[in-house]
Structures are given as structure tokens and as C-alpha cells.
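Supplied in C-alpha cells, the structure appears directly below.
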Amino acid sequence: PEQIVVSDLAQRMAVKAREVTKLLMKMGEIVAADEAIDQATASLIVEEMGHNPVPVSDTKVEDDLQEAVEERSSNVQTRPPVVTIMGHVDHGKTSLLDKIRETKVAPGEAGGITQHIGAYHVKTERGVITFLDTPGHAAFTAMRSRGAQATDIVILVVAADDGMMPQTEEAIDHARASGTPIIVAINKMDKSTADPDRVLNELTTKEVVTEEWGGDVPLAKISAKTGEGIDELLELVNLQAELMELEAPTEGAAQGVVIESRLEKGRGAVASVLVKKGTLNQGDLVLAGEFYGKVRAMTDETGQRVKSAGPSIPVEILGLPDTPAAGSEFLVVSDEKKAREVAEFRANREREQLLERQNKMRLESMFEQM
Ligand code: GDP
Ligand code: MG
């Protein structure tokens, strides 16, 4: 007879092995996580936990789609780095984003950056840099929890007059967990109370050892208020990007990630997306999360209409029927039938997962009452 090890079963249901052994115990069977149970008991467990394991064939829907898209992309080239600014509250994340935006976008250039679309890109002497301007760890983790790796480099802002704080440490942990390189920006250098050496010393306790201290973490001392050191900081970003040899195909069906989305009166669902591969064109059929639609219009962060966007370039798109969650992957598909199929598949899966969670909660509260 077929047997399955308890921990394997738990893994397939995405629950802890202990939850399964607990349930088995309630069912009168004392089994360890590394022991096997028979098929009948296993299906009973699955039923009890209100879970339908995803049949392998279902993931084929996604795999086929991915393959079709990959086949159509070509012409690999260097792409701009995507940067997220992180750090403790009040250490100057927003001020830095604003200062870069203000100083790096020529006043005449398409009227400057006027729209908040969740990201913007600037041109430096050495190349384009894209900033995700929804600072904060919530956005970063929301994307990561959906498996979207949108950020190439983290700028860790630490106020020179305040030093390492809880959210500084948290940011370091997030960057590490995702394998994203850090550049340290010691901010508020214009203040008389600035003590950068103390800050750098504190950072070493989290194993962030800057170049000044013999480590390899790039460091810039800046003031988001006066603009001091910002060019040097951007130069460090460019150097880091070169080191990483960031590349993407520039041609073919676009793929990327949803940065944020919202419903707007008169415009409908508006989604800010960041292209990661290929080129997104007006008129493309886009599948984003569980929704699909034709891109009716695209605008950049200056509010200008654009017809296309390549790798690492953020744009706002109109034409989706609803708002996909931040961190959802989007991709351009050639045929509407396929788009509908995958969208339905995903919507079903979302529903199932929701039901599953509800069932599990019900089950848990039931046990608690016993
Ligand atoms: P955030 O919470 O990290 O986004 O921090 P903010 O950008 O909102 O800045 C918090 C406060 O610090 C604001 O009052 C800013 O004006 C001030 N601030 C930010 N950067 C500097 C700087 O370089 N020098 C000085 N003196 N003040 C700054
Ligand atoms: Mg802020």
C-alpha cells in the first residue's frame, strides 16, 4: 500500500508537521513527523485540514505561459539598477528621494516629475537609475512575500545625529534575507550634532562594515537638506550596478512587477508597473495577477503619455478591469484565451487558498474548544 511521510504531507499542505501530528493524535494515532502513514489516513488528514493539494498539472498552466513569453524575448542588454531607500523613521528617506528627484530632473524636461506613480527614474552621467519611491519596509516585504524581487540595491539611510535604530536593523535583515546589496548613506551631515564615526561603529555590530572601516559596504556621507554628497551616492549606485552586471532582454513581450495600484475616478483601475524584461507597449494585452486587459494608455512619472517602456522603467497603465496587488507579476500575453485561462486559474486558486485558511482557522478553534 502507498505510504507518505508525515512531514512530506505537511509540506505539501504548507502546514507545520506538528499540526499534522497533533491532528493524528486527536484521531487516536500517535505518529512522529518522520514516520509514514497510509494513503487512507493521509486523505483523511487532508480532508480534515480542508485542503486540496494543488495537482501538479495545474502549475503547467503557469509554466507554459512563462515558456511562451521567454521564447519571445531577445536582445539582452545592460539595464538600469532599481533602488529602494530604507532606514529608520525620520532619518530622511523621503527627503532624499525628493532631493534626488528635484536635482536630477532638469526643470525643462517634460515638466519635471509631477506624478506619484510609486517609482521614478533619473539620468546620471553614467546612466539611468530607477528609484522605488514607496519607501518603507512594508512595500519591500509585500513584494517579497509575493516572490517579486523588484529591488537590485538598497540604500540604507542612517541619520548621523541618531545612529542605528530598530528599523535600521530591520532594513539590514530584509536586505540580507533577499540577498540585496546595501549602500550606506549617512544622512544629516549638515547638522552640528552629526557623529558619523559613532554610526559606522554601530553598524559594524550588525556586520555592516563600510569601506572606511575596512569592509566592503560602500558609504556616502550626505545631506538630503543641502544636497551634499548626493552625486557621490549616485556614483556608488552606478558602480555597484556595474559590478552586478544587470542585464535584461530589451525586445519581446514584457514581464515585470506591479508596484502599486488603485482605483481612480474617471480613469478606472490604475496600476504602476516596473518592466523587468522586454518592452511594454500601448495596446499590449497584459495579465497582472488575476486580471487581464489591454493597455489603453501609459504615462510616465512626469505625467507624459508614453508608447513603450523597456527594462527597469516604471510606468502607469490604464486598462485593467481591477487592481492587482502590489508585488503581483505582470506579463504580456499574445492570446486572450490564454490570458482568461490563467486569470481564472489564479482567481480560483486565490479563492481556494482563502477557503483553506478559513477552514484551517475553524479547525483550529474547534481543537481549542476540545
Ligand atoms: P523619513 O521618515 O525617513 O522619510 O524622513 P523625512 O525625510 O521625512 O525626514 C525627517 C525629518 O528630518 C524632516 O524634518 C526633514 O526635514 C529632516 N531631514 C531629512 N534629511 C535631513 C538632512 O540631511 N539634514 C537636516 N538638517 N534635516 C534633514
Ligand atoms: Mg518618509
Go through Thr124 and Asn238 one step at a time and tell me if the side chain to side chain donor-acceptor pair (under 3.5 Å) criterion holds.
-> CA-CA 9 Å; Thr124 68; Asn238 284 324; 3.0 Å; yes
Lys/Arg N to Asp/Glu carboxylate O, Asp133 vs Arg101, below 4.0 Å |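 A salt bridge is present here (some side-chain N lies under 4.0 Å from a carboxylate O).
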Apart from Leu243 itself, what residues make up its hydrophobic cluster when side-chain heavy atoms of I, L, V, M, F, W and Y under 4.5 Å apart count as a link, directly or indirectly?
->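 ILVMFWY cluster around Leu243 holds nothing else.
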Distance-only, no hydrogens or angles: does the His88 side chain make a donor-acceptor pair with backbone N or O of Met165 under 3.5 Å?
->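 No: the side chain of His88 does not pair with the backbone of Met165.
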Quick one: list whatever passes side-chain contact (heavy atoms from CB on, under 4.5 Å) with Asn281, sequence neighbours left out.
->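 Per chain and number, Asn281 pairs via side-chain contact (heavy atoms from CB on, under 4.5 Å) with Thr279, Asp284, Ser308.
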Taking only Lys NZ, Arg NE, NH1 and NH2, and the carboxylate oxygens of Asp or Glu, determine whether Glu235 and Arg126 approach each other closer than 4.0 Å.
->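 Counted as a salt bridge, because a side-chain N and a carboxylate O are separated by less than 4.0 Å.
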Name of the residue among His91, Lys191, Lys188 meeting side-chain hydrogen bond (donor to acceptor under 3.5 Å, both in side chains) with Asp162 |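 Single side-chain hydrogen bond (donor to acceptor under 3.5 Å, both in side chains) partner of Asp162 among His91, Lys191, Lys188: His91.
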Sequence neighbours left out, what passes ring-ring contact (aromatic ring centres under 6.0 Å, His included) with Phe131? Give chain and number order.
->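 By the ring-ring contact (aromatic ring centres under 6.0 Å, His included) rule, Phe131 matches Tyr120.
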Under the side chain to side chain contact (heavy atoms under 4.5 Å, CB included) criterion, do Val158 and Asn187 qualify, and how do the steps go?
-> CA-CA 6 Å; Val158 196; Asn187 190 33; over 6 Å; no
With sequence neighbours excluded, residues passing side-chain contact (heavy atoms from CB on, under 4.5 Å) with Thr323 =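 Testing Thr323 for side-chain contact (heavy atoms from CB on, under 4.5 Å), a comparison that skips the adjacent residues, returns Ser261, Leu263, Ala269.
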Side-chain donor-acceptor pair present, Asp38, Thr41, cut-off under 3.5 Å |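 Short answer, yes.
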Would you say Arg198 and Asn201 make side-chain contact, with heavy atoms under 4.5 Å?
->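 No, every pair of side-chain atoms sits at 4.5 Å or beyond.
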For the side chain of Thr180 and the backbone of Asp152, is there at least one donor-acceptor N/O pair under 3.5 Å apart?
->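 Not at all, since once roles are kept as given, no pair shorter than 3.5 Å links the two residues.
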Going by side-chain heavy atoms closer than 4.5 Å, which hydrophobic residues are tied to Leu318, directly or by a chain of links?
->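 Under the 4.5 Å side-chain rule, Leu318 groups with Val270.
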Short side-chain to backbone donor-acceptor contact, Thr130 and Val82, under 3.5 Å |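 Flag not set: sc Thr130 to bb Val82 has no pair under 3.5 Å.
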Would Glu316 and Arg262 pass as an ion pair if we require N to O under 4.0 Å?
->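 Here Glu316 pairs with Arg262 in a salt bridge, since their nearest N and O are under 4.0 Å apart.
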With a cutoff of under 4.5 Å between side-chain heavy atoms, which Ile, Leu, Val, Met, Phe, Trp and Tyr residues group with Met25?
->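 The other cluster members (ILVMFWY side chains, heavy atoms under 4.5 Å, direct or chained) are Ile30.
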Does the side chain of Ile4 reach to within under 4.5 Å of the side chain of Gln39, using non-hydrogen atoms?
->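 No. Closest side-chain heavy atoms not under 4.5 Å.
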Side chains of Thr299 and Arg305: do they bring a donor and an acceptor to under 3.5 Å?
->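 On atom types as modelled, these side chains do not qualify, holding no pair under 3.5 Å.
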